[in-house]
Every structure is written in C-alpha cells, then in structure tokens.
Asks: 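One structure coming up, written as structure tokens, with questions to follow.
Numbers restart at 1 for each chain; the letters A, B, ... are given by sequence-line order, proteins then strands.
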Amino acid sequence: MAETDSRPTNFIRQIIDKDINDGLHTTIQTRFPPEPNGYLHIGHAKSICLNFGIAQDYHGQCNLRFDDTNPEKEDIDYVNSIQQDVNWLGFSWSGEVRYSSNYFDQLYAFAVELINKGLAYVDFSTQEQMRELRGTLKEPGKNSQYRDTSATENLALFEKMRNGEFKEGECLLRAKIDMSSPFMCMRDPALYRVRFAHHHQTGDKWCIYPMYDFTHCISDAIEGITHSLCTLEFQDNRRLYDWVLSNITIDSTPHQYEFSRLNLEYTVLSKRKLIQLVEDEQVSGWDDPRMPTVAGLRRRGYTSASIREFCKRIGVTKMDNMVEMSVLEACLREELNADAPRAMAVLEPLKLVIENYKGSEVESLKAANHPSNELMGAREVPFGREIFIEAEDFKEEANKKFKRLVLGKEVRLRNAYVIKAERVEKDQQGNITTVYCSYDKDTLGKDPADGRKVKGVIHWVSASHGVPAEIRLYDRLFKVPNPAAEQDFLGSINEQSLVVKQGIVEASLVDAPLSTPMQFERTGYFCKDQDSVANNLVFNRAVGLRDTWAKMNQS
RNA sequence: UGGGGUAUAGCCAAGUGGUAAGGCAACGGGUUUUGAUCCCGUCAUUCGUUGGUUCGAGUCCAGCUACCCCAGCCA
C-alpha cells in the first residue's frame, strides 16, 4: 500500500517547526521510552509512529530507551519482545538500545547534588503518615518532620540507603519542593525508594531505585532529547520534570509535550488490563490474534504498513478520543485489496455433485491471482464432478435478492462454469447433505451463448483436491464499545470472539507462507497461523470483506 | 474559585481574523465472473454555550457548561 504521501501535520510538529525556525535546535532528537513490563500494543504504535516518524521527517534521531526503574514489574522477555515489535513496525532506533538503568550512577550523583543544595532529604515517615501529610486536592499538605535534616546528615543517610542499611519501605529520598503546591506531584515527591530486587540489567548492584519523575527528565537530558513526547496524564508531571532539570547541573534542557493516548472501541489498551487478560487466560497469550497488541495484530494478519497508516489517519491531538475499529479495518482492507493474492476456500462446506460432468475427469482451470493486477499471475485450480460450496450459498427457495444458488436456478462458479441446481439430498433430520446440479459446458470464461443472464457468482473447492483446514474467525474481544468504563471489564468479554470452522481450502494454500495475508474470495483476508502443522492447516481471519449483503439482512 | 487539560458531523481530524479540508462510517446510483474492488453523487448556513470586540470570529476577549487527569515508595 502506498502510505498517504502527505506528511502529517499536528501540534507537535508545529512546535518543532517553530523551534527550528527560532534557531533553538538544528537537529531533532526524540525517544520511545517503554517500561519493559508488558507487550507493546497499538497505543504504543501511535507513540512509535509519532516519535520515529518525526525523527525520519526531520532527519533527526529517535532512541529506544527502556524506562526500567521498577525491577519488580519488569522482565527481560518484555525487553526482547519490544525490540522485535518496534523493528517489525518498520523503525530503527539510533545507536544502541538505551536503558534508564544505564544512568543509575549519574542519577545517584544528581541526587547527591540535590541533597547538597538542600533540595532533597531522606524521610522516615511511614506511607500512612506521608499520605496524611500530603493533604488533599483542595487542602495543602504539611511538612514532614524530616524535612529540615541537614544536608550532611542526609548525605550520610542516602549513602546508607544505597548500602542496604535500611529496609524496604523504611525510608525514601524526597525532593524538597512545596507541600502546599496545587500540583500534587510537587508536594515533596519521592526520588528514590529502597528495593532489594534483582534487576534484569543491573543485577544486584543496586538496592535503591530512582522514581520515574526523577529518572525520565535526566535520561532525556543525558541523551540530548530535544522533544520528549508523552501522554496527557503526565501534564502535571511536567512541572516536576522542569524542576529537576533546573535544579541540577546539566547542559541539555529537553522539553516535554503531551498528546492524548489512543482509545479503540471494543478493546482495552491499558497494560494492567492486558496483563489481566493474559494471566486470567481469557486469551491464549500476548499474541492471541484478538489482542490489540502488536504481536496479536501481526499474528492476526495485520501488516505493519496498515498499522502505520492507521496511526497516520487517527492523528495526534490533545483531545480524548475513542477511535472506531472500522478505521483500523479500513487500513488493512485498503492495503490487502491491492496486494493480497486471491484464493478460494470454503468455510462451511456443502457437497455439490455435477451429474452431467464426466465421472473421473479432472480439468485444470486457470484462476487469476488478482482481479486487476495481471502481474500477479494465475494458478491452476482443479475442477471435477464433486466440489464443495459454502453452505450459505445455497437455498432451496429464495427471493430475487438472493444472488446465489437456488433450486432450479443457475449460478456461476467462480473461475469455472455456470451450473444449475437440480435436486437435493437430505439426511433424516432434513438437513441438506448434497446438492445435485448440471453444468453448462459452454460457459467457461464466457457468458451463455443464448443470452441468459446469471447474476450470482459463488466460490468452490474441488472435493478430491481440496485440503481440510481449521479456520479461526475472530470478532471483537468485548461486547461493549468501552469495556474500560465497566465496573468489571472482564464481565463484558465477547464469548463469541473466536469461532472455529472446519473448512476446505484449495490445495495451493498448503504452501502458503506464515503470516502473509491473502484474500479468500468473497469471505475475507486470512493468513496461515503458526499453529499450522503438516496435516492440520490453521488460518486466521484478519478481517472480513465489506459485506453489504449481510448488512442488508441484519437491518 | 484546588490545580492541570480538552470542546469543530456518528467516530477521528484540518483550520492559526477573510466566509467550515480530508479520512472512516452512513446513504443513493453505475460497472463487475468476489453482494469485494472501482466509479459517480449525498452527508456542518455552522464550530459546547451566552455575551462582547471587529467591516468580518471556529479563530480574539469575558462569563457559563460538560468531560478527562492529579492525593503510588507505578510509569
């Protein structure tokens, strides 16, 4: 797919344009800073496209930095999956992967500088005491009794913290700012806490870990980040970001700008909730094709270009938003309609016998791999006396709106002949087991010579050549547009989000490469799943075709 | 009167004092060996609301309203 040519315009790029114009920067440096505590989801993709996209368009650089200051929640598996997902999305970071933990020594030195300046102190209050002293949204807080400890003493205390002489929770280093600030985050925020935890990067070197607010701004400054982009909930934190940088000795002064996070209808995009889905086994894992994770979308059949296009279409603003799933789906359909090879597959097989077709004869018919792109070539599809058609493509009787096979009427078999349904065979319950037809041998590649109009076309697979396959049909994971707003979001899970069909696919699909989407004509875009084995092919439906017929019938 | 933010169509979103882009969705019609695609057409006399400034306001000013975020030793 040709991604929309025009460069995106948004308020952040306007700020950058102005900064460049004003001579504030000659080169732009951004960063994508995930905490390695889960898999990346499509909300991260928005941030990735923003940060890496700006670096590309402004000929700047974008770092990948793991914000790994909370070892208890983090894991090396996540740092690996995140790198893989960023690459898969089509982006390369500047230089080596960075870690906030790379800067622990420098961070410690800056904390010492704050202590020396009388701007940080070690507090032994309990969590409860601290909460009480913090005040409320409408009432100012009160100073801690430890607030006026001398710098010398604080220095010694902080060193003891570092040396493991205090227990977890016994004390913490706090910035000395203003307990009556209207910004809650400025009421003497925690800078360092004691955690005797093994860190995936630094091992057991540290037993004190810096907090996000202290770490992030300094890491940005160390890396020479010019524009530090994050989501709206950090707007208040910007005051602390600026406070830290203006009170330590460091050359670089990055600036933080906030944009609204992505919300997508019928799914959840908070790591906490996604972790819960995985841990509760509501899904098969982080890469379950119903998950809004990059890994899930990839397995489902989404291409990275379609995700990039989606991020371009939704834009970047400060407005709270809830984007409809149809936008994402349209991006995939648009790309795949142009690129994906076509094939025939029957999801719910119904046997059809062409009685006037010679018993054992097998014909090899030619089928275009794409209706409008001849460069994609054609393939041979075997045709014989017995085929499978889609059960819903046949009715014993129907009105004129039904453009498929009806008893006594004609229909075109895609890439093959016009057939006419003559009679049906049923089992004892009255279910149709076989449809018997006749075919018009003069209709291959042309309309009936006598001018008969055949309005419908249905797909099919040769019974003796088709290969059985498990076909997984996915639907939205939740029954409500905004599950996050529910009291218990797990209560609104859509039990029908996965429907498995035992279908028959054309033999050429046996060798289909993994995760390369193709169109099953008339049904949707599918890709082979990693669960496929030699005698059990598995296909995922990434997205269905637009279906105005289904829409007509539901209304 | 805690503070920080945001209001343009069903959903996103341009618009930066000169008379409301675009996409998705929806709805008509045409082509079609995919009820797909493609093509053509329709879809904001009005920008949360009330006033004000101006020849002229979605853009500037004032008031009001609604919604989101902040009281982790999470990020």
Side-chain angles (χ1 to χ4, degrees), chain A residues 4 6 9-10 14 33-35 37 67 69-70 72-73 123 126-127 130-132 134-141 168-174 180-187 189-195 209 211-213 215-216 230-239 258 260 265 271-272 310 312-331 333-334 337-338 342 344 367-368 370-372 401-404 411-416 418 443 445-447 454-459 481 519-524 544-552:
Chain A
T4 311
S6 59
T9 164
N10 59 52
Q14 289 172 359
E35 182 187 14
N37 66 344
D67 217 342
T69 56
N70 189 359
E72 291 171 317
K73 290 192 173 172
D123 196 319
T126 63
Q127 281 197 53
M130 279 193 50
R131 197 181 313 124
E132 277 167 32
R134 188 150 36 227
T136 68
L137 294 177
K138 298 193 177 186
E139 299 157 27
E168 284 188 13
E170 189 175 354
C171 60
L172 80 181
L173 185 74
R174 288 226 263 171
S180 63
S181 172
F183 295 98
M184 297 302 291
C185 68
M186 298 297 270
R187 321 248 262 226
L191 262 25
Y192 268 91
R193 75 285 219 186
V194 177
R195 282 295 113 94
Y209 291 94
M211 302 291 290
Y212 163 85
D213 285 301
T215 308
H216 205 94
C230 64
T231 43
L232 249 29
E233 65 271 26
F234 292 99
Q235 288 176 116
D236 286 1
N237 301 247
R238 185 174 68 244
R239 279 72 187 184
E258 310 87 9
S260 53
E265 280 191 343
K271 260 191 213 168
R272 204 198 110 253
F310 171 75
K312 189 167 287 178
R313 289 187 188 185
I314 58 174
V316 177
T317 68
K318 302 178 84 147
M319 290 214 271
D320 290 328
N321 60 78
M322 178 67 73
V323 176
E324 291 176 349
M325 200 62 92
S326 63
V327 181
L328 216 208
E329 293 172 341
C331 292
R333 287 198 189 106
E334 184 178 303
N337 175 55
R342 314 286 132 127
M344 291 198 286
H370 192 281
S372 56
K401 292 236 174 196
F402 188 77
K403 306 199 311 192
R404 307 180 186 185
V411 79
R412 154 87 54 191
L413 289 176
R414 176 74 168 150
N415 299 313
V418 169
T443 53
K446 57 189 179 205
D447 288 333
V454 178
K455 58 191 169 186
V457 179
I458 64 174
H459 59 279
Q519 185 191 100
F520 288 177
E521 286 188 300
R522 301 212 311 133
T523 60
L545 256 29
R546 272 188 73 231
D547 191 349
T548 50
W549 168 245
K551 205 177 292 173
M552 271 171 66

Asks: Does K73(A) come within less than 4.0 Å of E35(A), counting only side-chain N to carboxylate O?
Replies: no

Asks: Nearest-nucleotide wise, let me know which of E265(A) and N10(A) is further upstream toward the 5' end of RNA chain B.
Replies: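 This one resolves to E265(A).
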
Asks: What integer number of Å spans the P atoms of rU1(B) and rC64(B)?
Replies: 11 Å

Asks: Generate the contact string for nucleotides 64-75 of chain B. Rules: B means base contact, S means sugar-phosphate contact only, - means no protein heavy atom under 4.0 Å.
Replies: ----SSBBSBSB

Asks: Mind checking which stems touch RNA chain B? I mean at least 3 consecutive Watson-Crick or G-U pairs, both distances under 3.5 Å.
Replies: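 If one scans RNA chain B for consecutive Watson-Crick or G-U pairs, the stems found are B:2-7 with B:65-70, B:10-12 with B:22-24, B:26-30 with B:38-42, B:48-52 with B:60-64.
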
Asks: At under 4.0 Å between heavy atoms, how does the protein contact nucleotides 30-39 of chain B? Give one character per nucleotide, 5' to 3', with B, S or -.
Replies: ---BBBSS--

Asks: Under a 90° cut-off about 0 for the syn range, is rG51(B) syn or anti?
Replies: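 Base orientation: anti.
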
Asks: Under the criterion side-chain contact (heavy atoms from CB on, under 4.5 Å), I'd like the reasoning laid out for V418(A) against R412(A): C-alpha separation, chi angles, the key distance, then a yes or no.
Replies: CA-CA 4 Å; V418(A) 169; R412(A) 154 87 54 191; 3.8 Å; yes

Asks: P atom, rC61(B) versus rG18(B): distance in rounded Å?
Replies: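 Pairwise P distance, rC61(B) against rG18(B), rounds to 16 Å.
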
Asks: Taking the C1' atom of each, how far is rG5(B) from rG10(B), in whole Å?
Replies: 25 Å

Asks: For the backbone of N337(A) and the side chain of H370(A), can you confirm whether one donor and one acceptor N or O come within less than 3.5 Å of each other?
Replies: yes

Asks: Report yes or no: does T231(A) contribute a side-chain atom to a donor-acceptor pair with the main-chain N or O of E233(A) at less than 3.5 Å?
Replies: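 Checking the backbone N and O of E233(A) against the side chain of T231(A), no donor-acceptor pair under 3.5 Å is found.
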
Asks: Would you classify T9(A) as touching base, sugar-phosphate or nothing, given that sugar-phosphate means primed atoms plus P, OP1 and OP2, and contacts are heavy atoms under 4.0 Å?
Replies: sugar-phosphate

Asks: Which atom pair, heavy atoms only, marks the closest approach of M322(A) to P481(A)?
Replies: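 The answer is SD-O, 4.2 Å.
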
Asks: I'd like to know if the side chain of Q235(A) and the backbone of L232(A) have a donor-acceptor N/O pair within less than 3.5 Å.
Replies: yes

Asks: Do R522(A) and R414(A) come close enough that some side-chain heavy atom pair is under 4.5 Å?
Replies: no

Asks: With a 4.5 Å heavy-atom cut-off, do N70(A) and R193(A) have their side chains touching?
Replies: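 Yes, side chains in contact.
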
Asks: Which value, in whole Å, describes the distance between the P atoms of nucleotides rC27(B) and rA21(B)?
Replies: 24 Å

Asks: Considering only heavy atoms from C-beta outward, does the side chain of H459(A) approach that of T523(A) to under 4.5 Å?
Replies: yes

Asks: Looking at E139(A) and rG2(B), is any side-chain donor or acceptor paired with a base atom of the opposite kind under 3.5 Å?
Replies: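 Side chain to base: no pair present.
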
Asks: Could you tell me how far rC67(B) sits from rC55(B) if I compare only their C1' atoms? Round to whole Å.
Replies: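 Going atom to atom, C1' in each nucleotide, I get 37 Å.
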
Asks: How far does the C1' atom of rG51(B) sit from the matching atom of rG15(B), given to the nearest Å?
Replies: 24 Å

Asks: If you look at every strand shown and take non-hydrogen atoms under 4.0 Å, does M322(A) touch a base, only sugar-phosphate, or nothing?
Replies: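 If one applies the 4.0 Å heavy-atom cut-off, M322(A) turns out to touch the sugar-phosphate alone, with no base involved.
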
Asks: Are R239(A) and rG3(B) close enough that a side-chain N or O sits under 4.0 Å from OP1 or OP2?
Replies: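 For rG3(B), OP1/OP2 do not have a side-chain N/O of R239(A) under 4.0 Å.
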
Asks: With a 3.5 Å distance limit and no angle check, can you tell me whether S260(A) reaches the backbone of D320(A) through a side-chain donor-acceptor pair?
Replies: no

Asks: Can you measure K312(A) atom NZ to rG22(B) atom C1' for me and round it to whole angstrom units?
Replies: 14 Å

Asks: When you compare rA9(B) with rU33(B), how far apart are their P atoms, in angstrom units rounded to a whole number?
Replies: 42 Å

Asks: Rounded at 0.5 Å granularity, tell me how far CG in L545(A) sits from CD in E329(A).
Replies: 12.0 Å

Asks: rA13(B) phosphate, OP1 or OP2: any side-chain N/O from T317(A) under 4.0 angstrom?
Replies: yes

Asks: Taking R239(A) for its side chain and C185(A) for its backbone only, find out whether a donor-acceptor pair lies under 3.5 Å.
Replies: no

Asks: Distance check needed: rG23(B) C1' versus L328(A) CG, whole Å only.
Replies: 14 Å

Asks: Mind checking the P distance from rA75(B) to rC70(B)? Whole angstroms is fine.
Replies: 15 Å

Asks: Give a yes/no on whether any side-chain N or O of K551(A) is located under 4.0 angstrom from OP1 or OP2 of rA26(B).
Replies: yes

Asks: When the distance from CE of M319(A) to P of rC12(B) is rounded to whole Å, what number comes out?
Replies: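 Checked: the CE to P distance equals 8 Å.
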
Asks: Just the rounded figure in Å: distance from P of rG10(B) to CD of E324(A).
Replies: 11 Å

Asks: Where is the tightest heavy-atom contact between Y209(A) and R195(A), given as atom of each residue plus distance?
Replies: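 Nearest heavy atoms, Y209(A) then R195(A): CE1-O, 3.3 Å.
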
